[in-house]
Peer 1: 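Before I ask anything, let me first share the structure, which is written out below as structure tokens.
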Amino acid sequence: MGCTYSVYGVGRKKKLSIPEVVVFAPCMRIPAQCDLQRALKGLIPRDVINKLSCLRNRIALLADDTGGSAITELRQALEEYLSILIGLTKKEHGLENLVEFKWKNLVDGRQETSVANAWFELLSVVHMMAMLTLCEADTIMIPKDYSGSGFRVVSTDCKRDAVDLLLKAAGYLEFCVRNVLCCVPPEIKKSMSKDLQDGVLEAISIQALGQGTEIQLGLAIESQKATLSVKRRLACELLIYYSQAYQCISGCDLSHGYGKKHMWFIKWKFLEAKAAAYYYHGLVLDKGSEPTCQISAVCCFLAAQELLVESKKACISFCLATPVTRAPPLWGAMKHLHQKIPEVASRKSQMYGYLLEQEKALQSLPEIPDFQLSLRPDDYELPAIDPAWDSGNWEKQGQQPLKDHLNDSEDEIETE
């Protein structure tokens, strides 16, 4: 989804600006007020607490004030915050469950989650980075200016930049699933936002790869050098990505605000991908010399046409699902396919209609070929831990090493 909703008043009437969506990202979650000072006072140096608190507050204020649109500044602040936050997750520090971290929904400001666990905070931060990156890709794919013809024009460079961002977002989410969720205790997972379910995170990661593949298919269609085999492969890969995304999300609890909308988005893109795969597979089969090849090709074209009709219905359901959004004008691969599939299906079914009548027993859809997937999420690693966590620096400042401080605290409790 787009990052912001804008509502403005004219006299007494309010007009809602419905956001357009090219790259779908569930609602962004941002930090809410929490008392780091009180929870950590006396356990770690004051400058470490101040740095944690200041960076977290800066992220919250920046996101609130800009609606998440200050992507570069937010990303930088999040990276800085991560480097200092990592210290709270270290077992030797014993601080994992001391701070109750609070997060809220960016759109309506409703507080969604309050969890006393540093791994939950780290997960939420990396998730926010992924959502920001998806929003950035969405912004690139929605140009401010339109061509004089009324059709959307997105430059090749912008499309390639969007693919890079989609791979980056997929990398953040893959890191969340593989390296962070496994560190969150099961009882904590139950209390977390449903947007952070592993199946939901995996689905978003995979659909980001699918959207990157769709952009690549559009570029291949525009290129005179791209062969039919290349286009078919990309279309088949696109279908595999959305099949996997659907499998991931189908086992999740989708009762939360964006769950149903997310499912409709995947259904919509899955149907479009399947139509593309059948269309290009049909074009390849149509080049065969046997009559059975032409029959199979026509079956593919007719199936693609039906799938395209169903995809339009799914698109409408996605747009109407809460919160309401607008679909973009047709662009790229899907603009081409919405023009070509009905035309080719009509022409070829008329051309080979006599064969379809003669060989009714052969009227079955051929299997779509399977291909190894080309796109992979970018590798992501956490930044290096902030030097402020070096206990040697604490001693120079006259601060006890954390282990000694905790031991002293235990002794005081026993004495009491």
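Just so it is clear, the values below take in all heavy atoms, side chains as well, and ignore hydrogens, waters and symmetry mates. In this chain, residues are counted from 1 in sequence order.
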Peer 1: I'd like to know if the side chain of Gln211 and the backbone of Val22 have a donor-acceptor N/O pair within less than 3.5 Å.
Peer 2: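 The answer is yes, because a donor-acceptor pair under 3.5 Å joins these two groups.
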
Peer 1: Under 3.5 Å, which donor-acceptor pairs link side chains of residues 154-164 to any protein atom two or more places apart or in another chain?
Peer 2:
| residue | atom | partner | partner atom | Å |
| --- | --- | --- | --- | --- |
| Ser155 | OG | Cys158 | N | 3.1 |
| Lys159 | NZ | Glu222 | OE2 | 2.8 |

Peer 1: Testing Ile385, Asp386, Leu55 one by one against Ser83 for a side chain to side chain contact (heavy atoms under 4.5 Å, CB included), which residue passes?
Peer 2: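 Going through Ile385, Asp386, Leu55 one by one, the side chain to side chain contact (heavy atoms under 4.5 Å, CB included) with Ser83 is satisfied by Asp386 alone.
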
Peer 1: Does Lys104 come within less than 4.0 Å of Asp64, counting only side-chain N to carboxylate O?
Peer 2: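 Answer for the salt bridge query: yes.
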
Peer 1: Side chains of residues 369-379: which donor-acceptor partners sit under 3.5 Å, not counting sequence neighbours?
Peer 2:
| residue | atom | partner | partner atom | Å |
| --- | --- | --- | --- | --- |
| Ser374 | OG | Glu237 | OE1 | 3.1 |
| Ser374 | OG | Glu237 | OE2 | 2.8 |
| Arg376 | NH1 | Leu373 | O | 3.1 |

Peer 1: Rounded to the nearest 0.5 Å, what's the gap from CG on Leu365 to SG on Cys299? Could you check?
Peer 2: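 The CG atom of Leu365 sits 6.0 Å away from the SG atom of Cys299.
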
Peer 1: Do NZ/NE/NH1/NH2 and the carboxylate oxygens of Lys90 and Glu96 come within less than 4.0 Å?
Peer 2: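 Salt bridge absent between Lys90 and Glu96.
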
Peer 1: Could you check Glu136 against Thr72 for side chain to side chain contact (heavy atoms under 4.5 Å, CB included), going step by step and ending with a plain yes or no?
Peer 2: CA-CA 9 Å; Glu136 187 175 4; Thr72 303; 5.6 Å; no

Peer 1: Against Asp286, only a single residue in Arg232, Arg347, Lys348 fulfils salt bridge (Lys or Arg N to Asp or Glu O under 4.0 Å); can you say which?
Peer 2: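 When Arg232, Arg347, Lys348 are each tested with Asp286, the salt bridge (Lys or Arg N to Asp or Glu O under 4.0 Å) holds only for Lys348.
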
Peer 1: State, yes or no, whether a side-chain contact exists between Asn117 and Pro185 at a heavy-atom distance under 4.5 Å.
Peer 2: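 A side-chain contact under 4.5 Å exists here.
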
Peer 1: For Leu234 versus Ala220, what's the shortest heavy-atom pair and its separation?
Peer 2: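 Taking Leu234 first and Ala220 second, the nearest heavy atoms are CD1-CB, 3.9 Å.
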
Peer 1: For Glu343, is there any backbone N or O sitting under 3.5 Å from a side-chain donor or acceptor partner on Ser346?
Peer 2: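 Not at all, since once roles are kept as given, no pair shorter than 3.5 Å links the two residues.
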
Peer 1: Is there a side chain to side chain contact (heavy atoms under 4.5 Å, CB included) between Ser191 and Thr113 once you walk through the steps?
Peer 2: CA-CA 7 Å; Ser191 63; Thr113 325; 5.6 Å; no

Peer 1: So how far is it from Lys313 NZ to Leu271 CG, rounded to the nearest 0.5 Å?
Peer 2: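 Separation between the atoms: 10.5 Å.
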
Peer 1: Go through it in stages, so that I can follow the logic: the residues are Glu174 and Asn179, the test is side chain to side chain donor-acceptor pair (under 3.5 Å), and I'd like the CA-CA distance, side-chain angles, deciding distance and then a yes or no.
Peer 2: CA-CA 8 Å; Glu174 185 180 63; Asn179 300 90; over 6 Å; no

Peer 1: For the pair Arg326 (side chain) and Ile18 (backbone), establish whether a donor and an acceptor sit closer than 3.5 Å, ignoring hydrogens and angles.
Peer 2: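 A pair under 3.5 Å: yes.
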
Peer 1: Name all residues meeting the side chain to side chain contact (heavy atoms under 4.5 Å, CB included) criterion together with Ser223; count only those two or more places apart in sequence or in a different chain, and write none if there are none.
Peer 2: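 Lys225, Ala226.
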
Peer 1: Please identify each residue that fulfils side chain to side chain contact (heavy atoms under 4.5 Å, CB included) with Cys176, with sequence neighbours left out.
Peer 2: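 Applying side chain to side chain contact (heavy atoms under 4.5 Å, CB included) to Cys176 gives Leu123, Val126, Leu201.
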
Peer 1: Should Glu73 and Arg58 count as an ion pair when the cut-off is N to O under 4.0 Å?
Peer 2: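 No.
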
Peer 1: Any salt bridge between Glu214 and Lys269, counting N to O under 4.0 Å?
Peer 2: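 Counted as a salt bridge, because a side-chain N and a carboxylate O are separated by less than 4.0 Å.
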
Peer 1: To the nearest 0.5 Å, how far apart are CG in Asp138 and CD1 in Ile142?
Peer 2: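 Atom-to-atom, Asp138:CG and Ile142:CD1 are 4.0 Å apart.
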
Peer 1: Would you please indicate yes or no on a ring centroid separation below 6.0 angstrom for Phe175 and Tyr380?
Peer 2: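 Centroid distance Tyr380-Phe175: below 6.0 Å, so yes.
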
Peer 1: Minimum heavy-atom separation for Arg56 to Cys34, with atom names?
Peer 2: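 Taking Arg56 first and Cys34 second, the nearest heavy atoms are NH1-SG, 3.4 Å.
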
Peer 1: Using 0.5 Å steps for rounding, measure from the CG atom of Leu382 to the CD1 atom of Ile86.
Peer 2: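 Rounded to the nearest 0.5 Å, the CG-CD1 separation comes out at 4.5 Å.
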
Peer 1: Assess the side chains of Glu121 and Tyr81: does a donor N or O sit below 3.5 Å from an acceptor N or O?
Peer 2: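 The criterion, which ignores hydrogens and geometry beyond distance, is satisfied for Tyr81 and Glu121.
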
Peer 1: Is any side-chain N of the basic residue among Glu187 and Lys190 closer than 4.0 Å to the acidic one's carboxylate O?
Peer 2: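 Lys190 and Glu187: not salt-bridged.
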
Peer 1: Do the non-hydrogen side-chain atoms of Met192 and Phe120 ever get within less than 4.5 Å of each other?
Peer 2: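 Contact flag for Met192/Phe120 side chains = yes.
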
Peer 1: Would you call the rings of Phe265 and Phe24 parallel, tilted or perpendicular, where under 30° means parallel and over 60° means perpendicular?
Peer 2: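 Rings of Phe265 and Phe24: parallel, under 30°.
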
Peer 1: Nearest 0.5 Å, please: how far is CG in Leu320 from SG in Cys315?
Peer 2: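 Atom-to-atom, Cys315:SG and Leu320:CG are 9.5 Å apart.
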
Peer 1: So, Ser114 and Glu100: side-chain donor and acceptor under 3.5 Å apart, yes or no?
Peer 2: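 Yes, Glu100 and Ser114 have a side-chain donor paired with an acceptor closer than 3.5 Å.
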
Peer 1: Checking Cys252 now: which residues fulfil side chain to side chain contact (heavy atoms under 4.5 Å, CB included) with it, not counting sequence neighbours?
Peer 2: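 Counting only residues at least two positions away or on another chain, Cys252 forms a side chain to side chain contact (heavy atoms under 4.5 Å, CB included) with Gln197, Val200, Leu254.
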
Peer 1: Checking Ser311 side chain against Glu272 main chain: does a donor-acceptor pair fall under 3.5 Å?
Peer 2: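 Answer holds: no.
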
Peer 1: Are any of the side-chain heavy atoms of Ser124 and Leu196 separated by less than 4.5 Å?
Peer 2: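 Yes, their side chains come closer than 4.5 Å.
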
Peer 1: If you take all heavy atoms of Thr89 and Ala118, which pair is closest and at what distance?
Peer 2: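 Looks like CG2-CB, 3.9 Å.
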
Peer 1: Please answer whether the main-chain N or O of Phe318 pairs with a side-chain N or O of Lys261 as donor and acceptor at a distance below 3.5 Å.
Peer 2: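 Checking the backbone N and O of Phe318 against the side chain of Lys261, a donor-acceptor pair under 3.5 Å is found.
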
Peer 1: Any non-hydrogen side-chain atom of Ile204 less than 4.5 Å from a side-chain atom of Pro26?
Peer 2: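 Side chain of Ile204 against side chain of Pro26, heavy atoms only: contact under 4.5 Å found.
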
Peer 1: Are any of the side-chain heavy atoms of Glu202 and Leu173 separated by less than 4.5 Å?
Peer 2: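 Heavy-atom side-chain distance check fails, nothing below 4.5 Å.
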
Peer 1: Is the gap between the ring centers of His127 and Tyr172 under 6.0 Å?
Peer 2: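 No, too far apart.
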
Peer 1: Tell me every residue that passes side chain to side chain contact (heavy atoms under 4.5 Å, CB included) with Lys260, counting only those two or more places apart in sequence or in another chain.
Peer 2: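 Partners of Lys260 by the side chain to side chain contact (heavy atoms under 4.5 Å, CB included) criterion come out as none, since no residue qualifies.
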
Peer 1: Sub-3.5 Å donor-acceptor pair from the side chain of His338 to the main-chain atoms of Leu330, do we have one?
Peer 2: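 It does not hold such a pair.
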
Peer 1: Give me the atom names and distance for the closest heavy-atom approach of Ala208 to Leu134.
Peer 2: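 The answer is CB-CD2, 4.3 Å.
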
Peer 1: Can you give me the closest heavy-atom contact between Ser349 and Leu302, atom names plus distance?
Peer 2: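 In this case the closest contact between Ser349 and Leu302 is CB-CD2, 4.3 Å.
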
Peer 1: Apply side chain to side chain donor-acceptor pair (under 3.5 Å) to residues His281 and Glu367 and explain how you reach the verdict.
Peer 2: CA-CA 9 Å; His281 189 45; Glu367 287 188 13; over 6 Å; no

Peer 1: Could you tell me whether a side-chain N or O of Trp389 sits under 3.5 Å from a main-chain N or O of Ile84, the two making a donor and an acceptor?
Peer 2: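 Present.
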
Peer 1: How long is the straight-line distance from OG1 of Thr213 back to OH of Tyr242, given to the nearest 0.5 Å?
Peer 2: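 Tyr242 atom OH to Thr213 atom OG1 measures 8.5 Å (nearest 0.5 Å).
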
Peer 1: Can you list the steps and then say if Cys300 with Leu285 is a side chain to side chain contact (heavy atoms under 4.5 Å, CB included)?
Peer 2: CA-CA 9 Å; Cys300 284; Leu285 292 173; 4.0 Å; yes

Peer 1: Taking the six-membered ring of Trp264, is NZ or CZ of Lys267 closer than 6.0 Å to its centre and within 45° of its axis?
Peer 2: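 Yes; both conditions hold, so Lys267 lies above the ring face of Trp264.
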
Peer 1: If you take all heavy atoms of Gly210 and Leu238, which pair is closest and at what distance?
Peer 2: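 Taking Gly210 first and Leu238 second, the nearest heavy atoms are O-CD1, 3.0 Å.
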
Peer 1: Is there a side-chain contact between Leu106 and Met131, using heavy atoms and a 4.5 Å cut-off?
Peer 2: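 Side chain of Leu106 against side chain of Met131, heavy atoms only: no contact under 4.5 Å found.
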
Peer 1: Side-chain contact test, heavy atoms from C-beta onward, threshold under 4.5 Å: evaluate it for Lys189 versus Leu181 and give yes or no.
Peer 2: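 Yes, at least one pair of side-chain atoms sits under 4.5 Å.
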
Peer 1: Is Val177 close to Ser205 at the side-chain level, that is, under 4.5 Å between some pair of heavy atoms?
Peer 2: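 Answer no - side chains too far apart.
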
